[in-house]
Amino acid sequence: MKKFLILAAMLSAMPLLVQAEDGGAAIHGLMDKYKAEGAGPFSAEAGKKMWTTVIPHEKKGEMFTDRSCATCHNAPPTTPGKHKKTGKEIAPMTLSSFGINKKTGEKEPRFAVEKKVRKWFKRNCKWTYGRECTPQEKGDFLAYFKSL
Amino acid sequence: MRKVLLFTVLMMFSHQAFAEDFFANLLRFKGVAPVKNDLYEEGCSECHYAYQPGLLPKRSWEKLMLPDELEDHFGENAELDEEDRVEILNFLVENAADTSFYKRSSKINRSIPDDVVELRITEVPYIKRKHQPMTDKYVKNNPKVKSLINCNACHREIDKGIFDDDTILIPNYGYWSELDDD
């Protein structure tokens with residue numbers, strides 16, 4: 001009977017475990033890759049600082065002097081953000097938050113798919129800073145999200 | 001010969017499913033092709049409605065999907081993996097307005113001068129003309145619409161490639177076909 005109860009408890013806890021693992025599932029793999037590129041150790045504190053840092057840059061003759069991550073994601077990014085131009089709602093950057101997959105309409109855990117994280121790092125670093133982020137910066141950002 | 005024809009027509013309508021197919025086929029080429037591609041929808045609808053490829057001609061998609069253009073996609077960075085970029089480009093080109101038999105795609109295509117590579121769907125002459133009655137109160141100042149780029153805010157059958165007047169429901173106002181706007 002005791003064994004059965006333990007088994008039942010384990011089974012009922014499984015969905016919770018799976019869900020908890022889903023959000024942020026891509027983070028460790030990505031951090032390992034950044035380390036392989038010579039970065040690390042990563043600091044949540046450095047990520048937090050960078051989050052509100054403005055790096056003035058020029059693109060196609062236009063100067064951008066007011067863009068930081070917080071422009072669209074808030075600081076700290078624990079509440080839903082809003083795209084500066086389109087107003088699109090952006091899910092918080094916490095590991096436990098969910099975005100909505102526009103195609104399926106289903107909830108999607110944050111940082112679950114490596115390809116998506118890479119895609120948005122590339123796009124958003126270039127939009128914000130006018131250049132790609134270094135592996136160190138990206139690792140620091142991920143450490144920051146983990147600490148939220 | 002007449003008997004054969006009569007027989008055929010009778011056969012067509014004698015079975016309901018067949019009759020439905022028959023009418024569905026008659027309607028089939030009215031709007032724009034409701035084609036789908038997982039990668040396109042997944043990648044592009046993160047930011048905006050995944051506009052049907054039949055809304056722009058081939059040359060427009062080819063330019064929009066150049067790596068340099070994607071890097072500055074109407075002011076936003078929309079860069080893609082090279083592999084994804086090529087697959088999406090192929091999907092768009094294969095189903096573009098100038099390769100489509102659909103009525104609205106043909107009208108779109110014919111309305112654009114040959115020497116123009118239009119990058120904005122909202123600037124296509126046919127589409128622009130069709131949206132002339134859409135004044136600021138319906139779009140720009142309507143918090144649930146905001147811009148003409150949000151096609152699906154009003155075009156309720158857009159996923160099927162249908163843009164007919166009676167499928168237009170303007171948030172906060174109602175069905176376009178029932179609105180008195182003179």
Side-chain angles (χ1 to χ4, degrees), chain A residues 26 30 33 55 57-64 66-69 71-73 80-91 93 97-133 138, chain B residues 34-53 64-88 91 119-122 139-153 156 158-160 171:
Chain A
L30 278 163
K33 280 181 191 165
I55 302 181
H57 62 276
E58 180 262 326
K59 199 168 153 191
K60 291 188 180 170
E62 198 181 337
M63 276 304 289
F64 296 97
D66 60 351
R67 290 179 172 184
S68 78
C69 306
T71 305
C72 302
H73 289 286
K82 201 174 170 191
H83 189 282
K84 195 188 171 200
K85 188 165 139 196
T86 64
K88 179 188 86 161
E89 188 176 307
I90 306 166
M93 304 304 276
S97 79
F98 289 86
I100 301 290
N101 184 317
K102 287 279 161 49
K103 194 188 128 209
T104 59
E106 278 166 24
K107 279 175 143 190
E108 217 172 48
R110 268 282 188 209
F111 314 109
V113 184
E114 192 182 303
K115 190 177 165 184
K116 256 192 180 170
V117 180
R118 279 195 285 115
K119 175 169 108 174
W120 284 105
F121 259 146
K122 189 174 183 187
R123 290 178 172 183
N124 291 348
C125 286
K126 287 176 102 168
W127 185 90
T128 313
Y129 304 134
R131 60 161 174 84
E132 287 198 48
C133 290
K138 288 187 272 196
Chain B
V35 280
K36 298 259 183 250
N37 173 286
D38 282 347
L39 198 61
Y40 176 59
E41 280 193 66
E42 178 93 38
C44 303
S45 65
E46 275 192 88
C47 299
H48 56 68
Y49 183 76
Y51 311 108
Q52 275 92 358
L64 275 167
M65 292 298 291
L66 288 172
D68 277 359
E69 287 289 327
L70 284 173
E71 204 186 327
D72 184 7
H73 188 66
F74 307 107
E76 304 303 315
N77 186 308
E79 281 181 83
L80 291 162
D81 276 3
E82 184 57 12
E83 206 179 301
D84 291 1
R85 188 188 72 83
V86 171
E87 183 182 330
I88 293 173
F91 164 72
L119 299 182
R120 290 178 188 270
I121 294 170
T122 49
V139 183
K140 204 176 159 193
N141 302 331
N142 189 342
K144 288 191 172 164
V145 183
K146 286 188 215 154
S147 163
L148 286 179
I149 65 171
N150 299 318
C151 311
N152 54 329
R156 298 309 164 101
I158 188 171
D159 288 346
K160 295 179 199 157

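Naming: A, B, ... by sequence-line order, numbering from 1 per chain.
The number of heavy-atom neighbours closer than 6.0 Å to NZ of A:K107, taken from other residues, nucleotides and ligands shown, is 12 or below. Within 6.0 Å of the CD atom in B:E83, the count of heavy atoms belonging to other residues, nucleotides or ligands does not exceed 12. Heavy atoms from other residues, nucleotides or ligands lying under 6.0 Å from NZ of A:K126 number more than 12. In A:K59, the NZ atom is crowded: over 12 heavy atoms of neighbouring residues, nucleotides or ligands sit closer than 6.0 Å. Summarising the local packing, CZ of B:R120 is surrounded by 12 or fewer heavy atoms from other residues, nucleotides or ligands at distances under 6.0 Å.
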Checklist entry - Taking it one step at a time, do B:E71 and A:R123 satisfy side chain to side chain contact (heavy atoms under 4.5 Å, CB included)? => result CA-CA 8 Å; B:E71 204 186 327; A:R123 290 178 172 183; over 6 Å; no
Next on the checklist: Using salt bridge (Lys or Arg N to Asp or Glu O under 4.0 Å), reason through B:E42 and A:K116 one step at a time and then give a plain yes or no.
Outcome noted: CA-CA 11 Å; B:E42 178 93 38; A:K116 256 192 180 170; 3.6 Å; yes
Next on the checklist: Go through it in stages, so that I can follow the logic: the residues are B:D84 and A:K115, the test is salt bridge (Lys or Arg N to Asp or Glu O under 4.0 Å), and I'd like the CA-CA distance, side-chain angles, deciding distance and then a yes or no.
Outcome noted: CA-CA 11 Å; B:D84 291 1; A:K115 190 177 165 184; 2.6 Å; yes
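Looking at B:A50, there are no atoms closer than 4.5 Å to chain A (heavy atoms on both sides), in backbone or side chain. Both the backbone and the side chain of B:C47 come within contact range of chain A, with heavy atoms under 4.5 Å apart. Contact of B:D38 with chain A is made through backbone and side chain together, with heavy-atom distances under 4.5 Å. For chain B, no part of A:E89 is nearby; none of its heavy atoms comes within less than 4.5 Å.
Atom CG in B:D72 sits 4.0 Å away from atom NZ in A:K60 (nearest 0.5 Å).
Checked by atom type and distance alone, the side chain of A:K88 pairs as donor or acceptor with a backbone atom of B:E46 at under 3.5 Å.
Between chain A and the options B:N77, B:L80, B:I149, the largest number of non-hydrogen pairs under 4.5 Å is found for B:N77.
Pairing each heavy atom of A:T86 with each of B:K146, the nearest pair is O-NZ, 4.1 Å.
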